[in-house]
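These notes are about the structure you will find just below.
By convention in this document, chain letters (A, B, ...) are assigned in the order of the sequence lines, proteins followed by strands, and residues within each chain are numbered from 1. Keep in mind that the numbers below use all heavy atoms, side chains included, and drop hydrogens, waters and symmetry copies.
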Amino acid sequence: MMKHQSVSASQDRITIRHVAKDAGVSIAAVSKVLRNAYGVSEVLRNKVETSIEKLNYRPSVAARGMRGRTYTIGVLVIELSNPFLAGVIESANAALSESNYKSLIGIGRSASSIEASMIESMIDNRMDGVLITAPRISGKVLERYARQIPIVVIAHHEPHAQTYDTVNSDDRKGAHLAVEAALRQGHRDIAMLSYDLLDSPPSVVAVQRETGYLEGMKQAGLEGKIIRLPPVAADRRSAIKNFLTSQYRPRAVFVWSDLDAVPLLNAARTSGVRVPEDLAIIGYDNSPPSAIPLVGLTSVDQNAAQLGRTAGEMLLSRIDGRENAQHVLIEPRVEMRGSV
DNA sequence: GCTGGTTGTGGATAGTTATC
DNA sequence: GATAACTATCCACAACCAGC
């Protein structure tokens, strides 16, 4: 049988074979150096590392995938415009890179078909695990994919899931803390500004926050009142304006996320509503914009850094063979600023 | 025991051979 | 000639083995 020729592009690529030849060692020796494996002398290591640098060699992810690990992690995010998520991903990425993993990001754009195709691409590209921050993806879909690849989900409450892990801020407690913070400032007329959840399951963070808010109000002997914005974020500007001009406007409002709390604060100030004298506002996420002195939004801090780091570490332990599901809740706290 | 080499393996695919 | 079946190759790694 004739030996067929490989294409020129692949011939140009520097492989472990070239490194081995240049260093005057076996392919297995190079592999051991790459993996920091047992049984490598300092002399051999130096020879191999010198050749790797000289030839500018990078291991083939495809070939590694055939043997098990590619050392790549897929990160699926709902969007890039959410500053809180950016903080979470940055911390997760730092935890992963400490273990020589690289992460590649996909954007789901809140569309289940896009999210599903992203996860499938990550599986097809033989990534070693997937970190998902797509809050609306269903538990059933996650179960299906978790049989094919280790998965850790952030911002998705599914405490009984068996095949994948979850890491969340304790959203119920966070909302409860927000109510307590308003009560401490003497407020009794405290409403919650949420959005139309359209029969969302309890896995959705906003549902958890609503529950926490209602519990907090009930505990204080008060009746909770939830005002709903349109489900699509782009349609909320006029709804926020209506809320500010409403004769039934409360004295204090807990907003389900800084994504709506910051625009509300801005709209209040530009329309002459004094904050906090006329309207006290508490947000959720403690996102970077809320900390800007001119904004000064009191907000529930989810500890994005700890959330991301925990998720990254949990994914690594999943990849290393852990099979029991873990569901972690990160303790929230209220960051007090001038809006209350 | 330490070090380093040999061999087999994985999935996809191009190339070769056999069969109709 | 068309199609099916088989083989070699890509690349990195793990298990196993041999020499010291």
Are W256(A) and R209(A) close enough, and set up right, to give a side chain to side chain contact (heavy atoms under 4.5 Å, CB included), and what steps lead you there?
-> CA-CA 7 Å; W256(A) 79 280; R209(A) 290 172 194 173; 3.9 Å; yes

Considering just the side-chain nitrogens and oxygens of [X], establish if one lies under 4.0 Å of OP1 or OP2 belonging to [N].
X: Y57(A); N: dC11(C); answer: no
X: R64(A); N: dC11(C); answer: no
X: S31(A); N: dC13(C); answer: yes

[X] has an atom [atom1]; how far is it from atom [atom2] of [N], in whole Å?
X: I27(A); N: dC11(C); atom1: CD1; atom2: P; value: 10 Å
X: H18(A); N: dC10(C); atom1: NE2; atom2: P; value: 10 Å
X: I16(A); N: dA12(C); atom1: CD1; atom2: C1'; value: 5 Å
X: R17(A); N: dG5(B); atom1: CZ; atom2: P; value: 15 Å
X: R126(A); N: dG11(B); atom1: CZ; atom2: C1'; value: 6 Å

Do NZ/NE/NH1/NH2 and the carboxylate oxygens of D301(A) and R333(A) come within less than 4.0 Å?
-> yes

Mind running side chain to side chain contact (heavy atoms under 4.5 Å, CB included) on R337(A) and S290(A) for me, showing each step along the way?
-> CA-CA 9 Å; R337(A) 298 196 184 91; S290(A) 67; 3.5 Å; yes

For I119(A), which fellow cluster members are found when Ile, Leu, Val, Met, Phe, Trp and Tyr are connected by side-chain heavy-atom distances below 4.5 angstrom, either directly or through intermediates?
-> L76(A), L104(A), I114(A), M118(A), M122(A), I123(A), M127(A), V130(A), I132(A), I137(A), V141(A), L142(A), Y145(A), I149(A), I151(A), V153(A), Y164(A)

What residue among N286(A), D258(A), D285(A) forms side chain to side chain donor-acceptor pair (under 3.5 Å) with S299(A)?
-> D258(A)

When you look at N168(A) and I330(A), which way does the side chain to side chain contact (heavy atoms under 4.5 Å, CB included) test go after all the steps?
-> CA-CA 6 Å; N168(A) 289 287; I330(A) 306 288; over 6 Å; no

For nucleotides 1-4 of chain B, tabulate all protein N/O to nucleotide N/O atom pairs closer than 3.5 Å, reporting atom names and distance.
residue, atom, partner, partner atom, Å
dC2(B), OP2, Y38(A), OH, 2.4
dC2(B), O5', Y38(A), OH, 3.4
dG4(B), OP1, S41(A), OG, 2.7
dG4(B), OP2, S41(A), N, 2.7
dG4(B), OP2, S41(A), OG, 3.1
dG4(B), N7, K32(A), NZ, 2.6

